[in-house]
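In this chain, numbering begins with 1 at the start of the sequence shown. Numbering of ligands and ligand atoms starts at 1, following listing order. The basis for the numbers below is simple: all heavy atoms, side chains too, and nothing from hydrogens, waters or symmetry mates.
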Amino acid sequence: MTIEQVQKKICRLKAETDTCILAHSYMTEDICEVADFVGDSYALAVKATKTDNKNVIMCGVRFMAEMVKMLNPEKRVLLANPEAGCPMAEQMDRQLIQQVKEQYPGYAVVAYVNTTAELKTIADVCVTSSSAVNICRAMPQKDILFIPDINLGTYVKEHVPEKNFKLLSGGCPTHAKISEKDVAAAKSAHPEALLLVHPECRPEVTKHADYVGSTTGIMDFAAKSGAKEFIIGTENSIVQHLQFAHPEKTFYALSKDLVCNNMRSTTLVDVLACLSGKGGEEMVMDEDTRLAAVKCIEKMMEYGG
Ligand code: 13P
Ligand code: SF4
């Protein structure tokens with residue numbers, strides 16, 4: 001079968017089975033074309049509360065599918081590729097954070113959305129890369145224990161100087177690989193280009209950026225900017241999406257190493273297998289965990305993006 005034939009079959013099965021396909025912006029072009037919605041983590045969470053289909057397929061990583069299930073317990077939610085996890089989300093567990101909380105009594109726990117459902121059960125509020133600064137600024141508590149990403153935490157701390165932050169040393173292995181040396185090399189190869197980076201990058205990288213934001217934020221900035229060339233400091237799928245969307249502009253990868261194997265593991269064939277009842281993993285969550293974890297997502301929605 002050709003890509004187009006697989007896509008046609010997916011669209012037919014989607015309608016027949018009352019299924020909505022949500023895709024994170026890191027998915028490949030062929031998946032984005034058949035998705036009902038493509039966006040960053042925050043937009044996907046909001047979208048998940050609005051879909052009225054009986055079934056949802058999440059093309060992304062496990063914590064994203066868990067989040068859809070938390071918000072839609074009555075729906076059948078499938079993770080398109082059961083192997084797709086986020087290493088950062090697995091770095092810290094509830095027991096560890098419980099111990100840290102005891103050392104910092106009175107601190108509000110702010111959890112990056114890239115965390116497991118189990119860890120979300122002890123968070124006061126969840127944040128995404130696009131909402132973290134605004135939420136930390138708006139919440140009433142002055143003392144904040146920010147988990148697990150030290151780079152996003154450092155970025156938020158700089159933008160919310162009026163609050164006290166305790167950060168832990170977790171992070172995204174893909175974005176954390178990028179160094180100031182990579183920035184110098186990319187800028188010297190493309191001196192006219194603007195540098196747009198994700199806040200999961202290290203401070204030595206973000207300090208050189210013309211724009212720091214979520215995957216969607218980076219794409220919106222590039223779309224609206226009058227500049228003609230851009231160096232992209234997030235997963236390299238975004239370089240390709242931008243090049244397709246804006247052929248009159250040129251996009252360069254900050255590093256060839258900006259590849260998330262977990263996000264790349266989902267294929268168009270996985271989506272077809274889910275719709276044919278032959279693949280994917282149905283998200284199952286006990287009701288106590290769901291009720292305890294969903295509170296911090298609802299709090300995030302209350303504060304807004
Ligand atoms: P966004 O919130 O920008 O979608 O990022 C999610 C992610 O996993 C980035 O690596
Ligand atoms: Fe997780 Fe990093 Fe991959 Fe995003 S890019 S899913 S944070 S490992």
Within 4.0 Å of some non-hydrogen atom of T215, the atoms of ligand 1 are 1 (P), 3 (O), 4 (O)
Determine whether more than 12 heavy atoms belonging to other residues, nucleotides or ligands lie under 6.0 Å from atom CG of L96. yes
Could you tell me if T216 and Y42 have a donor-acceptor pair between their side chains, going purely by distance under 3.5 Å? no
Report yes if some N/O of D40 lies less than 3.5 Å from some N/O of ligand 1; otherwise report no. no
Qualifying residues under salt bridge (Lys or Arg N to Asp or Glu O under 4.0 Å), relative to E287, sequence neighbours excluded: R290
Is the closest side-chain donor-acceptor distance between D182 and S179 under 3.5 Å? yes
Nearest-contact summary for atom 7 (C) of ligand 1 - protein heavy atom, Å: E200 OE2, 3.7 Å
For atom NZ of K8, decide whether the heavy atoms of other residues, nucleotides or ligands shown that lie under 6.0 angstrom number more than 12. no
Find all atoms of ligand 2 within a distance of less than 4.0 Å from any non-hydrogen atom belonging to N114, and give their numbers and elements. 7 (S)
Residue, atom and distance of the protein heavy atom nearest atom 5 (O) of ligand 1 read H198 NE2, 3.3 Å
Are more than 12 heavy atoms, taken from residues, nucleotides or ligands other than K177, located less than 6.0 Å from that residue's NZ atom? yes
Ligand 1 to S214, heavy atom cutoff 4.0 Å, flagged ligand atoms 3 (O)
Below 4.0 angstrom from a heavy atom of N114, which ligand 1 atoms are there? Numbered from 1 as shown, please. 7 (C), 8 (O)
Taking only non-hydrogen atoms of E235, do any sit less than 4.0 angstrom from ligand 2? no
Closer than 2.8 Å to atom 1 (Fe) of ligand 2: does that hold for any N, O or S atom in C86? yes
Structural part of Y26 in contact with ligand 1, heavy atom criterion under 4.0 angstrom: side chain
At a 4.0 Å threshold, what atoms of ligand 2 neighbour a non-hydrogen atom of M88? 7 (S)
Tell me if a side-chain donor or acceptor on K14 pairs with a main-chain N or O of I21 at a distance below 3.5 Å. no
Is the backbone N or O of R76 less than 3.5 Å from a side-chain atom of E282, with the two atoms forming a donor-acceptor pair by type? no
Is S129 in polar range of ligand 1, meaning some N or O pair under 3.5 Å apart? yes
Scan for salt bridge (charged side-chain N to carboxylate O under 4.0 Å, His left out) pairs involving residues 217-237, sequence neighbours excluded, and state none if there are none. E235-R264
Look at atom 2 (Fe) of ligand 2 and say which protein heavy atom is nearest, naming residue and atom and giving the distance to 0.1 Å. C172 SG, 2.3 Å
Can you sort out which atoms of ligand 1 are near H24, meaning under 4.0 Å from one of its heavy atoms? 1 (P), 4 (O), 5 (O), 6 (C)
Say whether M88 and ligand 1 are in contact under the criterion: heavy-atom distance to a ligand atom below 4.0 Å. no
Under a heavy-atom criterion of less than 4.0 Å, does C172 contact ligand 1? no
Within the 4.0 Å heavy-atom shell around E200, which atoms of ligand 2 are there? 2 (Fe), 7 (S)
Just wondering, are more than 12 heavy atoms of other shown residues or ligands nearer than 6.0 Å to CD in Q5? yes
shortest atom 8 (S) of ligand 2-to-protein heavy-atom contact is with P87 CD, 3.4 Å
When you measure from atom 6 (C) of ligand 1 to every protein heavy atom, which one gives the shortest distance, and what is it? S41 OG, 3.4 Å
Looking only at side-chain N and O atoms, does S130 offer a donor or acceptor that is under 3.5 Å from a partner on T128? yes
among protein heavy atoms, the one nearest atom 3 (Fe) of ligand 2 is C260 SG, 2.4 Å
Check whether any heavy atom of N262 sits under 4.0 Å from an atom of ligand 2. no
Verify side chain to side chain contact (heavy atoms under 4.5 Å, CB included) between D124 and V110, making sure each step is shown before the conclusion. CA-CA 6 Å; D124 292 288; V110 175; over 6 Å; no
